[in-house]
Amino acid sequence: MATTYKVLGQANPVANTLTNIYTVPGATQAVISTITVCNQSSSNASFSLALMNSSEFNAAAPAATFLIRGAVVPAADTLVLTMGLTANAGAVFAANTNSANISFAAFGSEIT
C-alpha cells in the first residue's frame with residue numbers, strides 16, 4: 001500500500017452553503033490530519049465541519065455526520081485543527097460557514 005501526503009482540498013465557500021472540501025477517491029482510504037479555518041474578515045464568523053457518505057452530501061447533512069457545529073473563528077484569525085480523521089473511498093469532508101470570507105484547507109494522506 002502506497003501512502004501519499006498532500007493537500008487534500010481547499011475551498012472558500014459561499015455563505016450558508018454546505019461545500020465539498022474533499023472526496024476520497026475510489027479504491028483509496030484517507031487520513032485527514034490537519035484542517036485550517038481562516039477568517040479573512042474583520043468580524044467573527046461561525047463554521048461547521050462534517051464527514052459523510054457521498055449519498056448524504058446532496059441532501060441535508062445528517063446531524064450524526066457533524067464533527068463541529070456552529071464553532072466561532074475570531075476576526076482575522078486562523079484555527080488549526082489536528083484531528084486524524086479516517087475515511088473510506090467515497091467519503092465527503094464538507095464545511096459550512098455564515099461568511100463568504102472563510103476559507104478551509106484539509107491536509108493529510110491517501111492510502112492506495
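Any value given below was found using the heavy atoms of this structure, including those in side chains, with hydrogens, waters and symmetry copies removed.
- Using modelled atom types, no side-chain atom of Thr17 and backbone atom of Thr19 make a donor-acceptor pair closer than 3.5 Å.
- In the hydrophobic clustering of ILVMFWY residues, with side-chain heavy atoms under 4.5 Å counting as a link, Val31 and Ile21 come out apart.
- Clustering ILVMFWY residues whenever any of their side-chain heavy atoms sit less than 4.5 angstrom apart, transitively, puts Phe93 in the very cluster that holds Val24.
- Residues Ile35 and Leu85 meet the side-chain proximity criterion, which asks for heavy atoms closer than 4.5 Å.
- Counting heavy atoms from C-beta on, the side chains of Gln29 and Thr112 never come closer than 4.5 Å.
- A continuous path of Ile, Leu, Val, Met, Phe, Trp and Tyr side chains, each step under 4.5 Å between heavy atoms, connects Met83 with Tyr22, placing both in one hydrophobic cluster.
- When all heavy atoms of Ser109 and Thr3 are compared, the pair lying nearest together is CB-CG2, 3.7 Å.
- Between Asn96 and Phe47 the shortest side-chain heavy-atom distance does not fall below 4.5 Å.
- Heavy atoms only, all atoms of each residue included: Asn39 and Ala45 are closest at ND2-N, 3.6 Å.
- Taken to the nearest 0.5 Å, the OG atom of Ser41 stands 5.5 Å off from the CD1 atom of Ile102.
- The distance from the CZ atom of Phe66 to the CG atom of Leu49 is 9.0 Å, given to the nearest 0.5 Å.
- Within the 4.5 Å cutoff, the side chain of Phe104 has no heavy atoms near those of the Thr36 side chain.
- Closest non-hydrogen pair, Gly26 versus Ala89, comes out as CA-CB, 4.0 Å.
- With hydrogens and angles left out, the side-chain atoms of Gln40 and Ser103 include a donor and acceptor closer than 3.5 Å.
- Between Thr78 and Val37, the closest side-chain pair of non-hydrogen atoms is not below 4.5 Å.
- Residues Phe107 and Ile68 do not share a hydrophobic cluster, defined by chaining ILVMFWY side chains whose heavy atoms lie under 4.5 Å apart.
- Contact check for Phe57 versus Asn20: side-chain heavy atoms found under the 4.5 Å cut-off.
- At a cut-off of 3.5 Å, with distance as the only test, no side-chain donor of Ser55 or Asn53 sits close to an acceptor on the other residue.
- Side-chain contact between Thr65 and Glu56: present, with at least one pair of heavy atoms (C-beta onward) separated by less than 4.5 Å.
- Heavy atoms only, all atoms of each residue included: Arg69 and Ser48 are closest at CA-OG, 3.5 Å.
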Test side-chain contact (heavy atoms from CB on, under 4.5 Å) on Leu51 and Leu67; report intermediate values, then the result.
CA-CA 7 Å; Leu51 183 63; Leu67 307 166; 4.1 Å; yes
Worked verdict on Leu8 versus Ile32 for side-chain contact (heavy atoms from CB on, under 4.5 Å):
CA-CA 8 Å; Leu8 298 172; Ile32 304 169; 3.8 Å; yes
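- Panel note: side chain Asn98, backbone Ser46; a donor-acceptor pair is recorded below 3.5 Å.
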Working for side-chain contact (heavy atoms from CB on, under 4.5 Å), residues Ile111 and Thr28:
CA-CA 6 Å; Ile111 302 126; Thr28 303; 5.8 Å; no
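- Proximity of a side-chain donor or acceptor of Asn44 to a complementary backbone N or O of Ala75 within less than 3.5 Å is detected.
- Of all non-hydrogen atoms in Leu79 and Val73, the two that sit nearest each other are CG-CG2, 3.7 Å.
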